[in-house]
Chemist: 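Below you will find the structure I want to go over with you.
No hydrogens, no waters, no symmetry mates; every other heavy atom, side chains included, goes into these values. Whatever order the structure lists ligands and atoms in, that order sets their numbers, starting from 1.
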Amino acid sequence: MSDNLNTKYIFITGGVTSSLGKGIISASLAKLLQARGFNVTIQKMDPYLNIDPGTLNPYEHGECFVTDDGAETDLDLGHYERFLNIPTSKANNVTTGLIYQSVITKERKGDYLGKTVQIIPHITDEIKFRIRKLARTNNLDFVITEIGGTVGDIESLPFIEAIRQLRWELGYKNSLVIHLTLVPYLAAAKELKTKPTQHSVKLLLENGIQPDILVLRTEKSLSNDIRRKVAQFCNVDISSVIESIDAKSIYEVPLLMFKEKLDEITLTKLDIPQGEPPTLSKWKNFLSKLYNQTHEINIVAVGKYVELQDAYKSISEAFIHAGVANDCKINIKWIQSEKINDNIVNQIFENTDGILVAPGFGHRGIEGKITTVKYARENNIPFLGICLGLQCAVIEFARNVLNLPDANSTEMHPTTPNPVIDIMEHQKHITELGGTMRLGAYTCVLNENSNAFEAYQQTNISERHRHRYEFNNEYLPLFEEHGFFAVGRNPEADLVEIMEIKEHRWFVGVQFHPEYKSRVIQPHPLFVNFIKAALNYKIQKTVSN
Ligand code: GLN
């Protein structure tokens with residue numbers, strides 16, 4: 001397949017520090033271009049040696065996002081999907097590990113026979129190939145490629161060099177480099193400082209790249225003098241110095257970037273007619289609702305990686321979307337599952353309107369999650385269990401309702417006499433841990449008489465998965481006899497996907513991850529109805545008091 005000659009390539013690099021929000025800037029620019037009618041996607045290049053983040057502890061790298069086609073990816077892809085409302089795929093996340101793996105595989109096959117295989121040209125060629133391939137397969141107007149890490153890191157050098165080469169190959173009117181940096185405010189001097197930005201641009205220049213646009217993260221508004229200084233010392237025109245001031249919500253950033261004309265300057269530099277400016281009416285509507293909510297509820301979310309706010313990114317964002325849909329501000333209290341036990345449950349869940357048990361792996365904190373489920377079940381508090389959250393609900397029900405005190409998942413207790421959660425058949429002989437779970441989108445058929453159906457309003461749904469263990473169907477008759485029902489199943493493999501307690505106010509456990517599919521203008525139905533149930537519960541409590 002040949003290149004789409006109309007595709008424009010935008011590269012986003014970062015300087016000074018990490019965590020400046022390159023993902024949000026990339027997603028915001030993409031949103032503005034999309035709103036102008038362009039076909040756009042975003043790709044993330046991660047300069048680490050893991051093939052994908054699936055084998056990383058969330059403490060290391062935040063949440064692992066999962067695409068429909070089963071890729072375990074960087075959490076920025078979640079932002080891309082939430083902003084653009086279009087799915088990403090395997091091709092949208094590339095790591096150094098993946099690049100090296102394919103080059104080394106080709107070397108073993110003899111594809112480079114007779115040649116010395118080197119970072120330049122072989123690694124850089126592979127990087128360029130991955131960028132251009134994305135443009136070709138999707139017939140895109142723009143590919144925005146975000147380079148992870150910070151300019152100056154040894155590990156990102158091949159990516160920077162690949163951009164340098166690609167710009168030369170594509171022509172400078174077909175590509176653009178946007179560099180995101182920090183302008184720190186020194187409280188003692190009462191001054192914003194531009195020197196780190198100047199140094200970071202100098203580093204890029206040393207590697208042969210002159211950025212076209214500079215986006216400056218700042219906590220205070222940039223004066224004209226500051227803009228002029230940055231422009232002069234970094235060789236860009238003053239209109240290409242864009243302020244990115246701290247925002248109350250990440251969803252404000254597209255509007256802030258529009259105000260700063262990031263999209264307009266991008267189009268001008270790439271010689272593309274402006275057309276009509278975007279109205280972004282749905283987006284603005286979402287924001288005004290976000291800032292003016294009538295109701296308020298308290299949700300407790302229980303997980304094992306709660307110290308890191310990025311570890312459950314998609315769940316936190318799904319709550320924001322569902323809150324707007326219910327005109328309801330959600331106060332989420334994240335609790336470390338290891339801290340929960342019978343002695344303090346009452347205290348932890350005082351004034352709680354809904355309880356979520358998060359996904360997870362391994363034994364740590366599992367008993368705290370099971371205690372949490374018990375509290376939600378016995379006290380009739382709206383409950384949503386996701387993946388391991390559903391599995392904990394199953395274990396809890398088996399132990400406390402079915403009288404199987406030793407019930408467990410074989411993940412936690414491989415020889416448990418009552419394996420109510422067991423490893424899936426096709427997982428039993430897998431020895432390699434990377435990329436081998438049940439991953440990506442699978443269909444699920446819903447019973448019409450269920451909370452899930454009430455939420456989705458359709459019987460056939462598709463949701464994304466990431467697990468090795470599953471409800472053990474041998475126990476299903478016993479569970480259903482006691483009121484815990486399988487209301488969603490995967491028809492091909494007859495796997496239980498959703499379970500609900502009928503007698504409960506709203507008790508839903510799902511084997512998949514609904515949070516991956518919640519978007520700003522399409523909040524996820526299960527989250528929406530969970531929040532609705534929590535709000536109704538709060539109202540009922542107030543009335544009966
Ligand atoms: N550890 C469980 C499994 O592999 C749950 C996984 C998850 O919560 N994503 O089945």
Side-chain angles (χ1 to χ4, degrees), residues 52-59 61-68 70-73 75 78 301-306 310-316 318 334 336-338 355-370 372-373 383-396 398 407-414 416 419-442 444 463-473 475 486 488 490 493 495-499 508-518 526:
D52 60 47
T55 50
L56 286 173
N57 186 317
Y59 284 133
H61 200 63
E63 167 189 285
C64 175
F65 188 76
V66 177
T67 57
D68 278 332
E72 295 176 281
T73 74
L75 62 81
V302 175
K304 65 189 271 197
Y305 312 105
V306 297
D310 275 355
Y312 301 103
K313 196 78 204 164
S314 293
I315 293 180
S316 306
W334 282 96
Q336 163 63 258
S337 47
E338 278 175 303
I355 295 176
L356 177 131
V357 174
F361 294 84
H363 192 270
R364 183 169 70 87
I366 190 85
E367 293 303 326
K369 286 186 172 176
I370 292 170
T372 301
V373 178
F383 169 84
L384 178 60
I386 300 180
C387 206
L388 185 63
L390 160 71
Q391 298 178 356
C392 289
V394 167
I395 298 168
E396 190 280 322
N408 215 328
S409 160
T410 51
E411 179 182 9
M412 317 305 160
H413 185 343
T416 172
V420 286
I421 302 292
D422 201 2
I423 191 147
M424 283 177 277
E425 197 49 43
H426 74 274
Q427 289 283 331
K428 284 187 178 155
H429 309 292
I430 286 173
T431 50
E432 288 192 5
L433 295 185
T436 56
M437 282 187 247
R438 181 174 181 241
L439 289 168
Y442 287 91
C444 169
E463 291 284 2
R464 300 180 191 173
H465 298 69
R466 183 172 185 246
H467 63 125
R468 293 187 203 281
Y469 296 81
E470 184 70 38
F471 181 81
N472 183 345
N473 274 328
Y475 289 87
N490 170 257
L495 296 175
V496 170
E497 298 278 17
I498 310 179
M499 291 190 71
V508 179
V510 291
Q511 188 51 73
F512 49 78
H513 292 260
E515 70 273 23
Y516 293 144
K517 285 179 72 170
S518 185
L526 272 183

Chemist: Can a donor-acceptor pair be found, under 3.5 Å and without considering hydrogens, that links the side chain of Gln391 to the backbone of Tyr469?
Modeler: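 Yes, because the side chain of Gln391 sits within donor-acceptor range (under 3.5 Å) of the backbone of Tyr469.
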
Chemist: Out of the candidates Phe512, Phe65, Phe361, only one should pair with Arg466 under the side-chain contact (heavy atoms from CB on, under 4.5 Å) rule; please name it.
Modeler: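 Going through Phe512, Phe65, Phe361 one by one, the side-chain contact (heavy atoms from CB on, under 4.5 Å) with Arg466 is satisfied by Phe361 alone.
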
Chemist: For a salt bridge (charged side-chain N to carboxylate O under 4.0 Å, His left out) check, start with the C-alpha distance between Glu338 and Arg364, then their side-chain angles and the critical distance, and finish with the verdict.
Modeler: CA-CA 7 Å; Glu338 278 175 303; Arg364 183 169 70 87; 2.9 Å; yes

Chemist: Is the closest side-chain heavy-atom distance between Val66 and His465 below 4.5 Å?
Modeler: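 Contact flag for Val66/His465 side chains = no.
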
Chemist: Which protein residues have a heavy atom under 4.0 Å from ligand 1?
Modeler: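 Those residues closer than 4.0 Å to ligand 1 by some heavy atom are Pro359, Gly360, Phe361, Cys387, Leu388, Gln391, Glu411, Arg466, His467, Arg468, Tyr469, His513.
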
Chemist: If I take atom NZ from residue Lys517 and atom OG from residue Ser314, how far apart are they, to the nearest 0.5 angstrom?
Modeler: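 The NZ atom of Lys517 sits 13.0 Å away from the OG atom of Ser314.
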
Chemist: When you measure from the side chain of Lys304 to the backbone of His363, do you find a donor-acceptor pair of N or O atoms at a distance under 3.5 Å?
Modeler: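 Answer holds: no.
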
